[in-house]
Amino acid sequence: MDEHMLNLAKRPYGLRHAGISFWLASGVDPAECARRAGQSIQVLFRYCAKFLAGTRDRANRLISGGMAVGQSGSKEAFRLTV
């Protein structure tokens, strides 16, 4: 097989990885990303861990917003944090 054919064979996997990474960076639940990609969540965590680390801030905002709702009884506090 020549080099051009090998590069074409690699491209779909690179695009697939880019798509999954985009979903994760957009805040899609990792379990849903794994389901849509047709792989286990363990594989997703192994190969996309660096993208999952960026979701920590979003998760913290969601938790803080939920706690604010519980303390104030107002859903407005939650909307401001998300």
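The figures that follow rest on heavy atoms only: side chains count, while hydrogens, waters and symmetry mates do not. Remember, predicted model here, so these are calculated numbers, not experimental data. Positions are given from 1 along the sequence.
A search for salt bridge (Lys or Arg N to Asp or Glu O under 4.0 Å) contacts involving Arg16 returns nothing, not counting sequence neighbours.
Nearest approach of Ile41 to Pro30, heavy atoms of both residues: CD1-C, 3.8 Å.
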Anything under 3.5 Å between a donor and an acceptor, one on a side chain of residues 18-28, the other on a protein residue two or more places apart or in another chain? List them.
residue	atom	partner	partner atom	Å
Ser21	OG	His17	O	2.8
Ser26	OG	Phe22	O	2.8

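One distance of note links CD of Gln39 with CZ of Phe45; it measures 11.0 Å at 0.5 Å rounding.
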